[in-house]
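What follows is a single structure, written as structure tokens, with notes after it.
Quick note on labels: first sequence line is chain A, next is B, and so on, each numbered from 1. Computed from heavy atoms alone, side chains included, the values below leave out hydrogens, waters and symmetry copies.
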Amino acid sequence: MLDVKRLKKDPEIIVDNLKRRGFEFDLDQWISLESARKSLQSDTENLQAELNDISKEIGISKKEGTDSSKLEKKAGVLTSAIKSQSKELTSLLKEIDSFISSVPNLIDDDVPQGKDEEDNLELRTYGKIRDFDFTPKDHLELGSHLKSIDMESGVKITGARFAVLNGELARLQRSLINFMLDIHTKEHNYQEVYVPYLVNKESLFGTGQLPKFEEDLFKLEGKENFYLASTAEVPVTNLFRDEILNSDILPAKLVCHTPCFRSEAGSYGLDTKGIMRLHQFEKVELVQAVEEKDSDKALEELTRHAEEILKRLELPYRVVSLCSGDIGFSAAKTYDLEVWIPSQERYREISSCSNFRDFQARRMKARWKNPSTNKTELLNTLNGSGLALSRTLLAIMENFQQKDGSIAIPEVLRDYFGSDKIKH
RNA sequence: GGAGAGAUGGCAGAGUGGUCGAAUGCGCACGCUUGGAAAGCGUGUAAGGUGUUAAAGCCUUCGAGGGUUCGAAUCCCUCUCUCUCCGCCA
């Protein structure tokens with residue numbers, strides 16, 4: 001959520017910033033809503049203050065046994081006036097709330113200007129793209145040779161965009177999960193958490209998936225109307241919702257492996273082959289909550305933590321800074337890690353690392369107590385995939401494939417996996 | 001699923017219609033004391049909004065929402081959650 005105080009102080013800066021994303025902020029509407037609210041609210045509060053005084057007097061008068069009927073009559077008039085005014089005020093506040101909570105975050109100054117994916121800025125590349133002395137197969141072809149990616153069964157059990165992994169590939173995924181969690185907990189100092197995969201509206205509002213992006217989510221029917229979490233970001237970051245953290249636990253660094261469920265509405269026709277884009281996939285997620293002054297540094301650090309996984313898996317990748325038109329609703333700045341996919345001869349997203357600054361924290365009232373000022377301040381939240389499992393699996397299959405259709409296992413994974421290759 | 005009991009500040013815990021945002025204890029911060037510490041003593045210590053150079057002041061919040069009343073932590077209704085017992089269960 002935007003800082004309303006800042007919006008009052010320098011509205012032009014905010015309007016311009018939002019314009020970079022392609023978001024038109026209706027300043028006139030905002031000003032008229034705000035000024036209406038201000039006068040209505042202060043009027044109502046004044047009436048309430050008056051009523052509070054009179055009620056107090058009535059109390060004293062009753063105790064003393066003197067006649068208070070005149071005061072009570074006066075108070076009755078005030079009460080009904082307050083009732084009708086506060087009804088009006090409540091609906092106005094609701095309107096303002098839905099207006100402001102549909103506005104995306106401000107982007108950092110160094111976010112590259114652009115319209116879409118094409119304008120993202122490549123920052124660095126890592127690793128050598130392999131020169132195949134044969135025509136590389138795509139992961140689905142490799143997987144069906146190995147009888148390990150079974151799309152038909154996914155369709156039978158559930159429907160399109162669900163997959164079944166068999167045998168060694170299922171085991172490879174499990175090895176990868178353990179490998180990633182070990183690196184992040186033992187070397188990068190994250191604490192592992194296990195969280196619910198079903199989340200409520202409040203949690204989704206906190207991280208910014210609601211109210212604007214409900215169509216991307218799976219929603220349960222029934223009494224509760226829970227949603228399937230589209231990313232561990234939702235349950236994990238919401239651990240800080242409505243909390244005031246002690247400064248000594250900052251920076252808070254959490255890592256979590258969960259399945260992710262996405263309806264992928266609007267992506268029909270995209271990546272329909274194989275396990276590139278599924279309704280259900282596994283992910284290891286990094287989440288940090290830090291003081292405002294540390295959040296720039298934290299984004300760089302968190303991104304390096306995600307990159308480290310790719311490096312150790314010997315997968316060629318690049319880092320791009322998402323441009324103003326491609327960056328997500330809640331993010332102030334995002335680095336995507338893109339891994340090389342031989343069958344497509346291009347880099348594809350495998351991790352997205354974002355700094356949300358205080359945008360999510362304001363929505364979810366995630367705060368910390370600053371001991372030097374003794375004031376509560378909003379946290380800054382960040383997260384990044386470290387990494388998305390199905391795409392890691394896919395990348396290993398394609399990048400490590402051998403001429404005979406077998407797949408070599410990256411060195412660091414061999415102990416976890418228990419073998420150095422998946423035979424044809 | 002059935003029966004019962006609860007939900008109050010960082011924590012524990014009082015408060016059953018009126019100057020209650022809330023006693024008390026613990027914790028925490030500062031000061032006194034001390035060679036230093038502990039103990040002891042004293043002072044302070046919720047969040048949000050509004051306002052101000054800053055403050056004061058004012059409004060809201062005692063699980064959530066609604067109601068009764070001049071006035072609600074306290075009474076009534078609905079919901080959520082927690083605990084105990086019984087049943088079922090990985």
Side-chain angles (χ1 to χ4, degrees), chain A residues 1-9 30-31 33-101 194-206 210 220 222-227 235 238-250 252 259 289 358-379:
Chain A
M1 204 138 60
L2 285 192
D3 181 1
V4 170
K5 279 184 186 149
R6 185 126 185 250
L7 188 53
K8 283 176 194 162
K9 222 172 82 193
W30 167 251
I31 289 168
L33 283 171
E34 246 313 280
S35 65
R37 180 204 60 84
K38 201 169 179 173
S39 67
L40 189 56
Q41 184 166 343
S42 82
D43 282 359
T44 312
E45 283 181 3
N46 287 338
L47 289 178
Q48 186 66 54
E50 205 179 326
L51 176 64
N52 289 348
D53 284 343
I54 293 174
S55 293
K56 244 174 221 178
E57 274 181 61
I58 293 171
I60 293 165
S61 156
K62 293 241 167 178
K63 207 171 236 173
E64 289 170 349
T66 55
D67 177 41
S68 60
S69 56
K70 256 189 195 159
L71 286 172
E72 283 178 42
K73 204 168 185 185
K74 201 171 160 194
V77 175
L78 273 173
T79 302
S80 59
I82 289 169
K83 253 181 198 159
S84 74
Q85 275 208 19
S86 54
K87 203 171 262 176
E88 223 177 297
L89 181 63
T90 305
S91 82
L92 186 56
L93 287 174
K94 229 177 232 169
E95 197 180 335
I96 289 175
D97 201 53
S98 80
F99 178 90
I100 202 76
S101 55
Y194 170 83
V195 295
Y197 305 153
L198 301 184
V199 294
N200 59 29
K201 270 201 179 72
E202 289 73 21
S203 296
L204 288 159
F205 179 83
L210 288 182
L220 299 187
K223 201 174 132 210
E224 298 289 0
N225 289 143
F226 291 138
Y227 295 80
N238 273 281
L239 288 169
F240 305 119
R241 173 153 54 91
D242 293 320
E243 298 289 335
I244 301 176
L245 302 185
N246 224 313
S247 63
D248 57 13
I249 70 162
L250 298 179
D358 60 13
F359 186 82
Q360 294 180 328
R362 185 171 290 109
R363 291 168 85 92
M364 65 172 79
K365 298 186 183 62
R367 295 153 295 174
W368 67 289
K369 189 99 172 180
N370 186 340
S372 62
T373 59
N374 211 29
K375 289 243 154 64
T376 53
E377 297 178 22
L378 289 169
L379 287 163

- prompt: Given the P atoms of U60(B) and A5(B), what is the spacing between them in whole Å?
  reply: 33 Å
task: Specify the closest pair of heavy atoms between Ser203(A) and Asn238(A), including all atoms of both residues, with the distance to one decimal.
output: O-ND2, 2.8 Å
- prompt: More than 12 foreign heavy atoms under 6.0 Å from NZ of Lys38(A): is that the case here?
  reply: no
Nearest listed nucleotide, side chain of Glu45(A), among G48(B), C59(B), A46(B): C59(B)
message: Rounding to an integer number of Å, can you tell me how far Asp242(A) CG sits from G10(B) C1'?
response: 15 Å
message: Taking the C1' atom in each of C62(B) and G57(B), what is the distance between them to the nearest angstrom?
response: 24 Å
- request: Salt-bridge test for Lys62(A) and Glu72(A): reply yes if a basic N is under 4.0 Å from a carboxylate O, no otherwise.
  value: yes
message: Just to be sure I understand the rule, does Ile58(A) reach a base, reach only the sugar-phosphate, or reach nothing, if contact means heavy atoms closer than 4.0 Å?
response: base
- prompt: Expressed in whole Å, how much space separates the C1' atoms belonging to U74(B) and U8(B)?
  reply: 11 Å
- request: Taking atom C1' in both G63(B) and G71(B), compute the distance separating them and give it to the nearest angstrom.
  value: 23 Å
message: Need one value for Leu71(A): base, sugar-phosphate or nothing, where a base atom within 4.0 Å counts as base even if backbone is also close, heavy atoms only.
response: nothing
- request: Could you check which nucleotide pairs with G4(B) in any of the strands shown, counting Watson-Crick or G-U wobble with both distances under 3.5 Å?
  value: C83(B)
- prompt: For C59(B), does either OP1 or OP2 sit under 4.0 Å from a side-chain N or O belonging to Asn52(A)?
  reply: yes
message: Side chains of Asp53(A) and Glu50(A), heavy atoms from C-beta outward: is any pair under 4.5 Å?
response: no
query: Picking from A46(B), U68(B), G49(B), which would you name as closest to the side chain of Lys5(A)?
result: G49(B)
- prompt: Looking only at side-chain N and O atoms, does Ser42(A) come under 4.0 Å of OP1 or OP2 in C58(B)?
  reply: no
field: Watson-Crick or G-U wobble partner of G18(B), both distances under 3.5 Å
entry: C70(B)
task: Check every strand shown and say whether Leu78(A) touches a base, only sugar-phosphate, or nothing at a heavy-atom separation below 4.0 Å.
output: nothing
- prompt: Reckon Lys83(A) touches a base, only the sugar-phosphate, or nothing at all at heavy-atom distances under 4.0 Å?
  reply: sugar-phosphate
- prompt: Lys73(A) near the nucleic acid: base, sugar-phosphate alone, or nothing, with a heavy-atom cut-off under 4.0 Å?
  reply: nothing
- request: Indicate yes or no: at least one non-hydrogen side-chain atom of Leu89(A) is less than 4.5 angstrom from one of Asp43(A).
  value: no
message: Between C28(B) and A37(B), how far apart are the two P atoms, rounded to whole Å?
response: 16 Å
- prompt: Mind checking who U50(B) pairs with, Watson-Crick or G-U wobble, both distances under 3.5 Å?
  reply: G57(B)
- line: Of A47(B), C58(B), U50(B), the nucleotide closest to the side chain of Arg367(A) is A47(B)
- prompt: Quantified in whole Å, what is the C1' atom distance between nucleotide U52(B) and nucleotide G66(B)?
  reply: 37 Å
side-chain contact (heavy atoms from CB on, under 4.5 Å), paired with Leu33(A), selected from Ile100(A), Leu93(A), Leu92(A): Leu92(A)
- prompt: Base, sugar-phosphate alone, or nothing: which one does Lys201(A) contact when heavy atoms must sit under 4.0 Å apart?
  reply: nothing
field: P gap between A46(B) and A29(B), integer Å
entry: 16 Å
query: If you pin Thr376(A) and Lys87(A) to their nearest nucleotides in RNA chain B, which one's is more 5'?
result: Thr376(A)
query: Do the side chains of Trp30(A) and Val4(A) get nearer than 4.5 Å, heavy atoms only?
result: yes
message: Please report the distance separating the C1' of U24(B) from the corresponding atom of G9(B), rounded so that it comes out in whole Å.
response: 13 Å
- prompt: Base, sugar-phosphate, or nothing: which does Lys38(A) touch, judged by heavy atoms less than 4.0 Å apart?
  reply: sugar-phosphate
field: Position toward the 5' end of RNA chain B (nearest nucleotide), Lys62(A) or Ala75(A)
entry: Lys62(A)
message: Quick check for you: among C58(B), C70(B), A47(B), whose closest atom lies nearest to any side-chain atom of Lys369(A)?
response: A47(B)
- prompt: Can you check the Ile54(A) CD1 to C70(B) C1' distance for me, whole Å?
  reply: 8 Å
message: Does Gln41(A) reach a base, just sugar-phosphate, or nothing at all? Heavy atoms under 4.0 Å.
response: sugar-phosphate
task: Please give the nucleotide sitting opposite U33(B) as a Watson-Crick or G-U wobble pair, both distances under 3.5 Å, or none.
output: none
query: Whom does C28(B) pair with, Watson-Crick or G-U wobble, provided both distances fall under 3.5 Å?
result: G44(B)
